[in-house]
Amino acid sequence: MAPLLEVHRLTARYGPITAVREADLAVNEGEIVALLGANGAGKTSTLGAISGLVARSGEIRLDGREISKLRPEQIVRRGVSLTPEGRRVFTGLTVAENLAIGAAVRRDRANEQRERLLELFPVLAQRLHAPARTLSGGEQQQLAIARSLMSRPRLLLLDEPTLGLAPKLVALVFDLIGRLRAEEGVTVLLVEQNVHRALDLCDRAYVLRTGRIEVEGTPDELRRTTRIEDAYLGIVAG
Amino acid sequence: MTVIAVTGPYLVQQAINALSLGSTYALLALGLAMLFSIMGLINFAHGELLVIGGYAMWALLEHGVPWPAVIPLTLLAPALAAIAMERIAFRPLRGASLVTLLIASFAVSLLLQTVFQIFAGTDKGIELPSWVDDVVDIGPYTISVLKIVMTGVTLLTLLLLTLFLKRTLLGIAMRAAAEDFEVTRLMGVRANAVVIAAFFLSGLLAGLASLFYFTQSGSVGPFDGTEPVVKAFIAVVIGGLGSLTGAVVGGFALGITEVVFDAALPAGAQPFGTAFALLVVIAILLLRPQGLVGRPVGLT
Amino acid sequence: MIRPWRYWAVESAAGSALVAGGLALVFLYGVLWAGGTTRHTVLFSKDTIVYFFIDVVLVVGLQIFSGNSGILSFGHTAFIGTAAYAASLLTIDTVLKPYVSPGLPHYLETHSVGLLPATLLAVGLVGVLALATGLVVLRLDGASAVIAILSLLLIANVVFGAWTSVTRGAGGLYGMPESTTIGWAFGAAVLAVLVARVFKDSRTGLQLQGSREDAFSAAAVGVHVRAARLRAWLLSAMVSGAGGALFALKLGAITPSTFYLQETFTIVVMLVIGGMTTVSGAVAGVAVVTFVREVLKPYESRSLDLGVMHVDRLTNLTNLALVALILAVLFFRREGLVGRRELDESLRRLRRAPGQSPHALSGRRRKRAP
């Protein structure tokens, strides 16, 4: 079966700076794939390129169809949703309003979807009409993910969902991601700094280094090599 | 120094004056704030939207259109003009810096003023309906009907606007866009839709303001938009940039300040009234650079 | 950019020689060929050239602040106007003065001075005002700063119009000797260019340019952003003020509306079209706009018959042209005609062989700082 997401020779640029060079990756339906790498390796840029926020060239196919030339709004409609780094919830809006915006592209059965998400994220149900800025970091992270899920995406892009969270919350979020895949059938492409946790959860992972994909493999394979540390520490592969 | 008899009726009169002046400023400021909070655009051409409303009124009345029809059309004309402005002048500059947008709006403003000059050089008189001068006696107070209507309509408009922003998806999207345009796009909300809506609303508000403004002044000239829009800017800034509530507060604050200075200054210093009001503005900015309403997030 | 050379100011001054040379050519043209006050067979009259030089002073003055700090000032016309009024009050003939300006203090009423002292005094006054206003207004950032600076223009306009005993209100001042000759104007323009260029390359100028891109980071590395802005504001106001004084002493009569939004727009347009970040840009902008204006002037009194409608007088054709120019710049070449580098810097880069470092000696002896 063809992969849900196929990326060939993706190059992403911010003006004169190239953040991602000729990256190839694929995500199959129902998988959880992790993108690992040190800071500045290009992980966020890769997700940004896939969702259309960053200038990019190369092939990006969702379900076999090219999306590399589409605008962000159109890409969301095709079923790709990005939960950006740093949560970036709308702090001036209430929880309910944040979720409503998330459903902007899929208004049909939005109420149903909301109910299901509120079951998954009970803390949001409790704070439904509170302004988002009154939520704690962990709660905001849950809101950000829930918001992305309101559009019932086929592919969820998560950018560092555990950044800045206490260990207990990190566990909660990872658990949640697992459940999302199991119960909602969501395919996930996950950017993570926390290598061990990510390897525990994902089916496959890619390691980025200065914009290029250095290593690829299953968690077992990756645990056996030192190439991840090398990539993180900038050691030239031997 | 002139002696002011601070009697009840006098205070009430001045209060109504302040409220109605404040309403006009608040409406204009709101129109400006809408565009500023969503796209960082300080629209100098907003004054020309006001004048377009005025010219619409004049043209319609000239052709014998009855008032009940004049009102909605006067609201619509600047709104459509605003959308045209967005499409032609501002869309190519989407995402540009504050300064670039500011200069572009300055250019549009000058363009419109020049066009007005060429096609409608002299001031055009507006035939006012008879009830404009009516006053009503409530107890010991004599109050202008027009001013009451203005204040009332403004408050109603604010209420409707608040409902729109809180209850409709488009309104929520606009507030979201004001806070974080990029993430709003990530939600699949079409950037153009939000921007066009903002311009349309901005124009509507200008149209409403023009109804009040030109009914009071009685004539429309090419440059009539400049002074009100400058005052509106000041109102936006003292209320707090990026906040709609702030714009309204700022508008009323400016109106009240002007009326107070107008009433309280000795006759010799009267012409300097605006200058004093501006000094107050600068003082406010010094003490509270973030404006009277503080630093709220996005469109609140 | 490393600055190992102690005498950087000399290098800056030398760099502005290119622009100064251009101005000198215009001056020569003005002296030798342009006849009288109207256009004959020659395109530009002497008057136009004098105003051209004055505009250079005004726009270069604006560039000193706005170009380096990134804060577009809509308030400089307040300083220009203040200096104009001050210089006027100092130079109007003492016989005439009591009628024009009855509210003046006795000493001023009975004494008048010539162009140079009047200009210097006017510049001094503007300096004081700039200091006072700068301390207040430059605390703000972004859009708030722009609006606050605009308020200064409004305040000035109100004062010019309302202080009737001194400024004669809306009628304005008249009777100033038209003592700004082409020589004075040219000299002022060259001086302005020099001052602006040296400031731009000075430490304060460089710090300010750093803060233009990112005020937060600049402050984080120890740049006193407010102090740098204040210095630029002060210098900028004074240079513009000099232009204002010369302007009044050329025009011979001024009113409050001479120094309000139309004039503000004109100098802003000149700066933006040429390029805000460079002094060459400021001068280029003045040149382009002046040229366009002069070319279009004869057409303004014509009428236009478009079949469907008839336009009586194409008033403000120049305005339309300016709008077109500025939109063109904003859409297609946002940095302005000249762009990010001074003209002489661009030339130097062309001369350099590819691969050579910008600090290559290219045959010149330079002392290196220890």
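Because the structure is predicted, anything quoted here is derived from the model rather than measured. Letters go in sequence order (proteins before strands), and every chain restarts at 1.
- Remark: Y260(C) OH to T226(B) OG1 distance equals 7.5 Å, nearest 0.5 Å.
- Interface remark: V136(C) contributes backbone and side-chain atoms alike to the contact with chain B (heavy atom separation under 4.5 Å).
- The candidate with the highest count of non-hydrogen atom pairs below 4.5 Å against chain C, out of I238(B), I234(B), V236(B), is I234(B).
- In this structure, the separation between CG on L261(C) and CZ on F223(B) is 10.5 Å, given to the nearest 0.5 Å.
- Only the backbone of A89(B) comes within contact range of chain C, with heavy atoms under 4.5 Å apart.
- Interface remark: V146(C) contributes side-chain atoms only to the contact with chain B (heavy atom separation under 4.5 Å).
- Scanning residues 327-337 of chain C against chain B with a 4.5 Å non-hydrogen threshold yields L327(C), L330(C), F331(C), R334(C), sorted by number.
- Here L93(B) is the residue among L102(B), V230(B), V108(B), L93(B) with the most heavy-atom pairs under 4.5 Å with chain C.
- Residue contact with chain C, scored on non-hydrogen atoms closer than 4.5 Å, is absent for L41(B).
- S109(B) does not touch chain C: none of its heavy atoms, backbone or side chain, sits under 4.5 Å away.
- Of the inter-residue distances, the one linking T100(B) atom OG1 with M276(C) atom CE reads 8.0 Å to the nearest 0.5 angstrom.
- Within a 6.0 Å sphere centred on CZ of R94(B), other residues, nucleotides and ligands contribute more than 12 heavy atoms.
- The two residues G70(C) and V99(B) come nearest to each other via the heavy atoms O-CG2, 3.7 Å.
- Between N319(C) and the choices L111(B), T114(B), V115(B), the side-chain contact (heavy atoms from CB on, under 4.5 Å) rule is met once, by T114(B).
- Taking the side chain as every heavy atom from C-beta outward, F74(C) and F44(B) approach each other to under 4.5 Å.
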For residues 147-163 of chain C, run the donor-acceptor check on the side chains, cut-off 3.5 Å, and write out each pair with its distance to 0.1 Å, sequence neighbours left out.
unit_1	atom_1	unit_2	atom_2	d
S151(C)	OG	I147(C)	O	2.8
S151(C)	OG	A148(C)	O	3.3

